[in-house]
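Below: the structure, in structure tokens.
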There are 2 protein chains.
Amino acid sequence: MPYETEHIASRLKEARQDKGLSQRELAARSGVPQSHISKIEANAVDLRLSSLAALAHALDLELLLIPRKAAPAVHSIVRGLTAQAAGKGSGPAYNLDDEEDGDG
Amino acid sequence: MPYETEHIASRLKEARQDKGLSQRELAARSGVPQSHISKIEANAVDLRLSSLAALAHALDLELLLIPRKAAPAVHSIVRGLTAQAAGKGSGPAYNLDDEEDGDG
DNA sequence: GCCTATGATATATAAAAACATATCGCGTTG
DNA sequence: CAACGCGATATGTTTTTATATATCATAGGC
């Protein structure tokens, strides 16, 4: 029974687009064929860990296994960094103190 | 060129042992054969994402792709939770203030 | 000693990923 | 209109995973 891998696929696509890369450019960087990247991003293939690692590397991403209960905290951290990167120099500074609060 | 997948293999083994499960017990919970789990934990196979997801689910782990620059902060979070679980009721409370320091 | 459980290894088979290569329809640009 | 780049799709081949099943050496308990 497959557990959710859709989030991996969409995360890869989102990261590629955030970096302004085309699938062909990512193929050149990662060594994974463009046609395969298309399938991967559509979650149309059960890809190998080595392919995922190659794509993650090319997109400056880290593949992690974390305790499920740490996931909310980790998502907050990541969201904070993403917002910081997006609103560079304009948004509020990242607040470590707020971390344990959690946000809706 | 393979990028590091060893950390995934060792993370899976560590989580299984932390839960006091044998490979056969994990096989029963995840649907992945014990002989395959042995290879996976030895990083002797380039496993499929669906297999990884099944194992992660059985071990209460979440598979995440995060920005590389968020990795140190995330590792701190996870270490804090792990220490908290290990030293439940006896060790010091988890200190958020210490997070940014980082430890060697 | 016997029994049980463990993790590692072996064998054979089926299914699918990975790859190379090509091409398509679509949108944009000049 | 032609050219270009995009993502999606197709084809054929090779390699590898995943599986079932069995067995091994080792360790522990009785």
Side-chain angles (χ1 to χ4, degrees), chain A residues 1-65 67-68 82 85-86, chain B residues 1-67 82 85-86:
Chain A
M1 61 303 285
Y3 291 98
E4 69 282 8
T5 56
E6 289 92 351
H7 76 281
I8 295 293
S10 54
R11 188 71 194 89
L12 286 171
K13 179 167 186 168
E14 170 191 320
R16 175 179 67 78
Q17 290 177 329
D18 282 348
K19 287 187 175 304
L21 293 173
S22 66
Q23 289 180 350
R24 281 177 175 79
E25 284 169 317
L26 180 54
R29 289 188 180 201
S30 62
V32 177
Q34 178 268 316
S35 52
H36 205 44
I37 290 173
S38 183
K39 286 186 198 164
I40 290 169
E41 288 187 355
N43 207 37
V45 71
D46 189 356
L47 83 164
R48 302 281 187 79
L49 190 53
S50 64
S51 297
L52 178 56
L55 291 170
H57 185 91
L59 293 168
D60 285 320
L61 295 173
E62 186 106 350
L63 183 64
L64 290 182
L65 279 170
R68 192 174 300 277
T82 302
Chain B
M1 63 303 286
Y3 292 98
E4 67 283 10
T5 57
E6 290 91 350
H7 72 99
I8 294 293
S10 54
R11 190 70 196 89
L12 285 171
K13 179 166 185 168
E14 171 190 319
R16 175 179 64 80
Q17 290 178 328
D18 282 349
K19 286 187 177 305
L21 293 172
S22 67
Q23 289 180 353
R24 280 176 175 78
E25 283 168 318
L26 180 55
R29 289 187 180 204
S30 64
V32 177
Q34 178 268 317
S35 52
H36 205 43
I37 290 172
S38 182
K39 287 186 199 164
I40 289 169
E41 289 187 354
N43 207 37
V45 71
D46 189 357
L47 84 166
R48 304 277 187 83
L49 189 52
S50 63
S51 298
L52 179 55
L55 291 169
H57 184 92
L59 293 167
D60 285 319
L61 295 174
E62 185 105 351
L63 182 63
L64 290 182
L65 280 170
I66 60 164
T82 303

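Just so it is clear, the values below take in all heavy atoms, side chains as well, and ignore hydrogens, waters and symmetry mates. Here is how names work: the chains are called A, B, and so on, in the same order as the sequence lines, proteins then strands, and each is numbered from 1.
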Scanning both residues in full, the closest heavy-atom pair of Ala27(B) with Pro33(B) reads CB-C, 4.0 Å
Give, for atom NE2 of His36(A) and atom OG of Ser51(A), the distance between the pair rounded to the nearest 0.5 Å. 5.0 Å
Asp46(A) side chain to Leu49(B) backbone, donor-acceptor under 3.5 Å: yes
Tell me the interatomic distance from Gln34(B), atom CD, to dA10(C), atom C1', rounded to whole angstroms. 13 Å
Distance, nearest 0.5 Å, that separates CD of Gln23(A) from CD of Gln34(A): 5.0 Å
Within the structure provided, determine whether Arg68(A) and His57(B) are in side-chain contact (heavy-atom separation under 4.5 Å). yes
Closest nucleotide of DNA chain C for Val32(A) versus for Glu25(B): which of these residues is on the 5' side? Glu25(B)
Return the set of residues passing side chain to side chain contact (heavy atoms under 4.5 Å, CB included) with Ala15(A) (not counting sequence neighbours), or none when no residue passes. Arg11(A), Leu59(A), Leu61(A)
To the nearest angstrom, the CG-P distance between Leu21(A) and dC6(D) comes to 10 Å
Euclidean distance, atom CG of residue Leu49(B) to atom P of dT17(D) [Å, nearest integer]: 15 Å
Length of the CD-C1' vector between Gln23(A) and dG7(D), whole Å: 5 Å
Just the table, please: protein N/O against nucleotides 24-30 of chain C N/O, every pair under 3.5 Å.
none

Check this one for me: any side-chain N or O of Ser22(A) less than 4.0 Å away from OP1 or OP2 of dC6(D)? yes
Double-helix bend of the helix from dG1(C)-dC30(D) to dG30(C)-dC1(D), axes at both ends from 5 pairs, round to 10°, gives 40°
List for me each residue that meets side-chain hydrogen bond (donor to acceptor under 3.5 Å, both in side chains) alongside Ser22(A), sequence neighbours excluded, and say none if there are none. Glu25(A)
Over all atoms of both residues, closest heavy-atom pair of His7(A) and Leu63(B): NE2-O, 2.9 Å
Any chance you could measure Asn43(B), atom CG, to Thr5(B), atom OG1, to the nearest 0.5 Å? 4.0 Å
For Arg16(A) versus Leu26(A), what's the shortest heavy-atom pair and its separation? CD-CD2, 3.7 Å
Could you list by number each residue of residues 35-47 of chain A showing a heavy-atom separation from DNA chain D of less than 4.0 Å, or answer none if no residue does? Ser35(A), Ser38(A)
Specify the residues of residues 8-16 of chain B, ordered by number, for which at least one heavy atom lies under 4.0 angstrom from an atom of DNA chain D. none
With a 4.5 Å cut-off on side-chain heavy atoms, are Leu12(A) and Leu52(A) touching? yes
Tell me: CG of Leu52(A) to P of dT17(D), nearest whole Å? 15 Å
Inter-residue atom distance Ser38(B).OG - Lys13(B).NZ, 0.5 Å rounding: 8.0 Å
Side chains of Val32(B) and Ile40(B) in contact at under 4.5 Å (non-hydrogen atoms): yes
